[in-house]
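What follows is a set of notes on a single structure, which appears directly below.
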Amino acid sequence: IKHKRLIFRIKRCLHCHVGARAGQHPKVSLTASVHHFQWQWLQTVTEKCGITSVEKCVRIICDFYQSRVKEAANIKGSRQEQEAAGYLREKEIFGKRRSEDERFTSALSIWHTCCKQKDEEKQLQQKEIPDLKDLASDPAACSDQDSAAAMARCQVGRSSASYAAAMGETAEETNARRAKELVMQESEEAKKNRAFIRKVLFM
């Protein structure tokens, strides 16, 4: 943040070419490739700092670091020593690898720890939820024939498709059976029985 404010917010007269007279420093068109997140960052800085274009934003960045390199090279000594000093400063600015940055390694370690915790939680959840395929292959599990026989004996859900399948009925047979059962359900005897059951349950 400190460097960003210094580069884009503070005027550095005589340290860049932005304020040069027209034609004093002819512009050269160059092509540069950047990542998408870098392009988004450049657009954000350009907008927030009131810079006229992304291209000018890039020129400001280049001028800033170029002045730092030239400042380091402006020492007493031979031309070779000056070039070596400028190269050393350039290496200090741009030559540091992310893997050597303590902030990056710390953030990377935290990220790996979070990923590991999420993986462990996911594995634990998978262990808690039994796999239906494993249950089906369990020797104690019911076979398909046992399940169908249990459904056929069950008096609950007689209007369901699973009950009809367990009984091996066709659609016509199911409709005929349900018509008979509805007549029985609506009979006076069935109504009296249901009323008696409700009375017993809610006494």
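Basis for what follows: all heavy atoms, side chains included, without hydrogens, waters or symmetry-related copies. The residues of the chain are indexed from 1 along the displayed sequence.
Under the 4.5 Å side-chain heavy-atom criterion for grouping Ile, Leu, Val, Met, Phe, Trp and Tyr, Tyr65 is not connected to Leu88 through any hydrophobic cluster. Val58 and Val69 fall into different hydrophobic clusters, where Ile, Leu, Val, Met, Phe, Trp and Tyr are joined by side-chain heavy atoms under 4.5 Å apart, directly or via other members. The hydrophobic cluster containing Tyr87 does not contain Ile75, counting ILVMFWY residues as joined when their side-chain heavy atoms lie under 4.5 angstrom apart, directly or transitively.
In this structure, Glu83 pairs ionically with Arg79, as a charged nitrogen and a carboxylate oxygen lie closer than 4.0 Å.
One distance of note links CD of Glu55 with CG of Leu30; it measures 11.5 Å at 0.5 Å rounding. Taking CZ of Arg68 as the reference point, atom CD of Glu90 lies at 14.5 Å (rounded to 0.5 Å). A distance of 11.0 Å separates NZ in Lys56 from CG in Asp63, rounded to the nearest 0.5 Å.
More than 12 non-hydrogen atoms from other residues, nucleotides or ligands lie less than 6.0 angstrom from CD of Gln185. In this structure, Glu120 places its CD atom where more than 12 heavy-atom neighbours from other residues, nucleotides or ligands lie under 6.0 Å away.
Between His35 and Gln38 the shortest heavy-atom distance is N-OE1, 2.8 Å. In terms of heavy atoms, Ser187 sits closest to Met184 at OG-O, 2.7 Å. The minimum heavy-atom distance between Cys57 and Ile51, with the atom names listed, is N-CG2, 3.8 Å. Considering every non-hydrogen atom in both Ala72 and Ala85, the closest pair reads O-CB, 3.5 Å. When every heavy atom of Thr46 is checked against every heavy atom of Val54, the shortest pair comes out as OG1-CA, 3.7 Å.
Using modelled atom types, one side-chain atom of Asn193 and one backbone atom of Glu189 make a donor-acceptor pair closer than 3.5 Å. Judged by distance alone, with hydrogens and angles left aside, the side-chain atoms of Gln82 form no donor-acceptor pair with the main-chain N or O of Asn74 at under 3.5 Å. Between the side chain of Ser109 and the backbone N or O of Ser106 there is no donor-acceptor pair closer than 3.5 Å.
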>> Test salt bridge (Lys or Arg N to Asp or Glu O under 4.0 Å) on Lys118 and Glu121; report intermediate values, then the result.
In response: CA-CA 5 Å; Lys118 289 182 180 179; Glu121 291 176 358; over 6 Å; no
